[in-house]
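First the proteins, then the strands, lettered A, B, ... as listed; each starts at 1.
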Protein chains: 2
Amino acid sequence: MDIAYLRKILIEKGLKITPQRLIVLEAVKTLNNHPTADNVMVYIKNNHPNIAIGTIYNILDTFVEFGILRKVNTEKDIMRYDPILENHHHLYSGDSNRIEDYFDNDLDLFLKKYFTKKNIPGFEIENIKLQIKGKFKP
Amino acid sequence: MDIAYLRKILIEKGLKITPQRLIVLEAVKTLNNHPTADNVMVYIKNNHPNIAIGTIYNILDTFVEFGILRKVNTEKDIMRYDPILENHHHLYSGDSNRIEDYFDNDLDLFLKKYFTKKNIPGFEIENIKLQIKGKFKP
DNA sequence: TCTTATTTAAGAATTATTCTCAACTAAGAA
DNA sequence: TTCTTAGTTGAGAATAATTCTTAAATAAGA
């Protein structure tokens, strides 16, 4: 992955560029199934065995805070991160931890229109995600 | 809350009726903001100080397994439980842990129709929940 | 009332995550 | 370039939610 591209992401957010941040960012962008901190750790370990796990958590938190990543909602007590920022939805497997992205522009447009008309009393919507549970066919 | 009603829920699922299960069930049905195991614990403590926390986790798991409760998807590492089983959606506060239910029959019907026509390749849908993030107005 | 498979209490064990703090370093200033 | 300083990192201890273990207790059918 192009380092200049990764650096640019950090610079745009006004974050200091450190080797650790570049490494974690590259990992998260490459690992695409909504990785956990541990997934990042394992991916990185061979080439960079001396990055502390605490640092990885630290960096992931910073990235969430600065809008480089989002946390994925799950029913497990392990945090997972999502590097894709365009609006999209998630397909959850009923019997494994697999989570895939689902893009649907038509649906997004419909929802936008729907909730412009029908507003929810006492609540101001910021964004809407579908949480689609089911089975991945083999 | 009517104990006969609580007993009936357990009997219908073929679960043994124990005092602990009735107590936890009553708590979960009463606490309505998607309680954590700890919320249940605190609620119960005064009247039943001798129920072990492990037992509460145990019972909550059993209830999830038997379809009496659902786990709520969150981006936190604390499990939360939802006693309402009719189809409904969730409103998430962007800046607190508040989660409220949102019912919308029209929308459910639309989604059902929409995904009957437009199917997702390689995926069989079991259910769809909207995860609506925003601000609760004061 | 007996029997047996289940369930519970208590607390130890586990595991993801956070915290602490000294050492280090990125990046702007001189 | 070198200096300065706020911000970052490494290492490991601390925390907190959850799970596990085991002996004792109990629900429910015989």
Toward the 5' end of DNA chain D, by each residue's nearest nucleotide, A/Thr62 or A/Gly54: A/Thr62
Rounded distance (Å) that lies between atom P of D/dA27 and atom CZ of B/Arg21: 11 Å
Side chain of A/Ile51 - closest among D/dG10, D/dA27, C/dT17: D/dG10
In this structure, how many angstroms lie between the C1' atom of D/dT15 and the NZ atom of B/Lys76, rounded? 17 Å
To the closest 0.5 Å, what do you measure between NZ (A/Lys112) and OG1 (A/Thr116)? 7.5 Å
Side chain of B/Lys16 only, please: which of D/dA28, D/dT18, C/dT17 is the nearest? D/dA28
Length of the line joining A/Ile53:CD1 and C/dA16:P, which is rounded to integer Å: 9 Å
Tell me what A/Pro49 touches on the nucleic acid: a base, only sugar-phosphate, or nothing, going by heavy atoms under 4.0 Å. nothing
Looking at B/Tyr57, does any N or O in its side chain come under 4.0 Å of the phosphate oxygens OP1/OP2 on D/dT19? no
Can you tell me which nucleotide in C/dA16, D/dG10, C/dA27 comes closest to the side chain of A/Ile17? C/dA27
Side chain of A/Asn58 - closest among D/dT9, C/dT8, C/dA5: D/dT9
In this structure, is the centre-to-centre distance between the rings of B/Tyr102 and A/Phe123 below 6.0 Å? no
Check the pair B/Ile68 / B/Leu10 against side-chain contact (heavy atoms from CB on, under 4.5 Å), numbers first and verdict last. CA-CA 9 Å; B/Ile68 295 170; B/Leu10 298 180; 4.1 Å; yes
How long is the line joining CD1 of A/Ile56 and P of D/dT9, in whole Å? 11 Å
Could you tell me how far apart B/Asn50 (CG) and D/dA25 (P) are, to the nearest whole angstrom? 14 Å
Counting only side-chain N and O atoms of A/Thr18, is one of them less than 4.0 Å from OP1 or OP2 of D/dG7? no
Interatomic distance, B/Leu10 CG vs D/dA27 C1' [rounded to whole Å]: 12 Å
Ranking D/dT9, D/dA17, C/dT17 by distance to the side chain of B/Ile78, first place goes to D/dA17
Measure from CG on A/Leu15 to C1' on D/dT9 and round the result to the nearest Å. 15 Å
Quick one: which of D/dT9, D/dA6, D/dG10 gets closest to the side chain of A/Ala52? D/dG10
Without decimals, in angstroms, what is the distance between A/Asp38 CG and C/dT14 P? 17 Å
Scan A/Thr55 against the nucleic acid and name what it touches under 4.0 Å (heavy atoms): base, sugar-phosphate only, or nothing. base
If you count the non-hydrogen atoms of other residues, nucleotides and ligands that lie under 6.0 Å from OH in A/Tyr5, is the total more than 12? no
Among C/dT8, D/dT18, D/dG10, which nucleotide has an atom closest to any side-chain atom of A/Gln20? D/dG10
Specify the closest pair of heavy atoms between A/Val28 and A/Pro83, including all atoms of both residues, with the distance to one decimal. O-CG, 3.6 Å
Should A/Lys129 and A/His90 be marked as a side-chain contact (heavy atoms from CB on, under 4.5 Å) after you check the CA-CA gap, both sets of side-chain angles, and the distance that decides it? CA-CA 8 Å; A/Lys129 262 177 199 240; A/His90 284 139; 3.9 Å; yes
State which of C/dA5, C/dA26, C/dT17 makes the closest approach to the side chain of B/Asp77. C/dT17
Among the nucleotides D/dT8, D/dT19, C/dT17, which one has an atom lying closest to any side-chain atom of A/Met79? C/dT17
